[in-house]
Amino acid sequence: MRIKTIYASFITLTATCITFIAFQNPNNNNANFSEKVKVSLRDAGNKLLLTNKDTSSLILPIRKVKDNRYEIAFEGSLSITPDSLVGIVNSSLKNAKLSKQFIVEVINCSTQEVSYSFQITGNKEENIVPCQGRVLPFDCYTVQVLFIENNSFFRSNKNLILISLLLLVLTFYAITYFKQKSKNKPFNKLDDHIKIGNYKFYETQNKLVKDTFEIKLSTKECELINMFSSQQNQVIKRDVIIKKIWEDNGVFVGRSLDTFISKLRKKFKDDESINIINVHGVGYKLEVS
């Protein structure tokens, strides 16, 4: 019951996270991304005009050219220094916590040709920033920014996805752990007994119960049954049994183990599915079919 409860709890938590992610509206994320881009690019446009000591010309509304590509346009002409442009765009996008991967193109208004471009990858060693130091002459330009890595659904929800995956892993380990623990000690806490075939073994009460029939057990019989019941269908070495039941508590005398095994066989005689087998030269096995 405990395993099922834990399993159900983990699955419920995981399902809740996944459901939350599934019902997120990607359009809301995209809309938010678009607005942040427009604000940051307007900031970049303003800084470009200030490098030209222009405090009066207008920056035209930031336009979304197509998916992930946005354009800054100016009321008048200006001169652009590549070094300044790279620093300004980088700074504005960084402050807005936008994508670190993008391509910038400076386009001449008259010819529609790309006068200058550079690419930022998020890794300095891989950035492509050519022709630094060469100033573009005073003219009409637009600046287009193409975002390579958009604020996508999975990117914006990566924390929730990681939590869901973590919960799945924890579910697996929790189930494995408690199943193993249950195998090692098949103890039913509801009525304080261990099931052995058709018998119920009550360790604390020193008794075996089959239906309504009770069989009283001695301390040594109880210790032996407890040892066998925790390792049903497994061979337990004779030396291990002797050390645990007798030597750790006193001196082992003669054929005490064989005598007690014989007694236990008689106590389980009414259940044909139970048999205590002597594995010659090794030990004993409580076989429950």
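Every heavy atom of this structure was used, including side-chain atoms; hydrogens, water molecules and symmetry mates were not.
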Distance check, rounded to the nearest 0.5 Å: [X] atom [atom1] versus [Y] atom [atom2]?
X      : Y      : atom1 : atom2 : value
Asn198 : Phe268 : CG    : CZ    : 11.0 Å
Lys64  : Leu41  : NZ    : CG    : 12.5 Å
Phe213 : Asp270 : CZ    : CG    : 7.0 Å
Ile194 : Gln232 : CD1   : CD    : 8.0 Å
Leu224 : Ser229 : CG    : OG    : 10.5 Å
Leu48  : Ile88  : CG    : CD1   : 4.0 Å

Answer yes if the side chains of [X] and [Y] hold a donor-acceptor pair under 3.5 Å, and no otherwise.
X      : Y      : result
Asp83  : Thr81  : no
Thr121 : Asn127 : yes
Ser57  : Asp54  : yes
Asp258 : Tyr284 : yes
Ser77  : Tyr141 : no

List the atom of [X], the atom of [Y], and the distance in Å for their closest heavy-atom pair.
X      : Y      : value
Asn278 : Gly283 : OD1-O, 3.4 Å
Gly45  : Phe74  : O-CE2, 3.6 Å
Asp139 : Asn108 : OD2-ND2, 3.1 Å
Gly197 : Ser273 : CA-OG, 4.2 Å
Val209 : Asp211 : CG1-O, 3.4 Å

**OP:** Evaluate the criterion side chain to side chain contact (heavy atoms under 4.5 Å, CB included) for residue pair Ile276 and Lys285; output intermediate values, then yes/no.
**Re:** CA-CA 6 Å; Ile276 301 178; Lys285 177 170 70 171; over 6 Å; no

State, with a plain yes or no, whether a side-chain heavy atom of [X] is found less than 4.5 Å away from one of [Y].
X      : Y      : answer
Phe201 : Phe228 : no
Arg63  : Thr142 : no
Ile107 : Ser115 : no
Val65  : Gln144 : yes
Tyr199 : Asp271 : yes
Ser79  : Val135 : yes
Ile261 : Arg265 : yes
Ile274 : Glu287 : no

**OP:** Start with the C-alpha gap between Val145 and Asn68, add the side-chain angles, then the distance that decides, and say whether side chain to side chain contact (heavy atoms under 4.5 Å, CB included) holds.
**Re:** CA-CA 8 Å; Val145 180; Asn68 302 333; over 6 Å; no

Original post:
Okay, side chain of Asn226, backbone of Cys222: is any donor-acceptor separation there less than 3.5 Å?
Top reply: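 Not a single qualifying donor-acceptor pair exists.
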
Subject >> Donor-acceptor pair, side chain of Ser230 and main chain of Met227, under 3.5 angstrom >> reply: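 Indeed, once roles are kept as given, a pair shorter than 3.5 Å links the two residues.
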
**OP:** Please say which of Glu203, Lys200, Gln205 ends up in a side chain to side chain contact (heavy atoms under 4.5 Å, CB included) with His193.
**Re:**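 The single option meeting the side chain to side chain contact (heavy atoms under 4.5 Å, CB included) with His193 is Lys200.
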
Flag the pair [X] and [Y] as a salt bridge only when some basic side-chain nitrogen lies within less than 4.0 angstrom of an acidic carboxylate oxygen.
X      : Y      : value
Glu221 : Lys267 : yes
Asp43  : Lys47  : yes
Arg69  : Glu105 : yes

Tell me whether [X] shares a hydrophobic cluster with [Y], the cluster being built from Ile, Leu, Val, Met, Phe, Trp, Tyr side chains joined at under 4.5 Å.
X      : Y      : answer
Val235 : Leu264 : no
Leu60  : Val37  : no
Leu78  : Val86  : yes
Leu136 : Phe118 : yes
Leu286 : Ile215 : yes

Subject >> Quiz item: cation-pi between Lys207 and Tyr202, 6.0 Å / 45° >> reply: yes

Original post:
Quick one: does NZ or CZ of Lys263 land under 6.0 Å from the six-membered ring centre of Phe260, within 45 degrees of the ring axis?
Top reply: yes

**OP:** Start with the C-alpha gap between Val106 and Val114, add the side-chain angles, then the distance that decides, and say whether side chain to side chain contact (heavy atoms under 4.5 Å, CB included) holds.
**Re:** CA-CA 6 Å; Val106 179; Val114 176; 5.9 Å; no

**OP:** Check the pair Asn46, Ile59 against side chain to side chain contact (heavy atoms under 4.5 Å, CB included), reporting the backbone distance first and the verdict last.
**Re:** CA-CA 7 Å; Asn46 178 60; Ile59 302 166; 3.8 Å; yes

Original post:
Does atom CD of Glu272 have more than 12 heavy-atom neighbours from other groups under 6.0 Å away?
Top reply: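 No, because the 6.0 Å sphere around CD of Glu272 holds 12 heavy atoms or fewer from other groups.
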
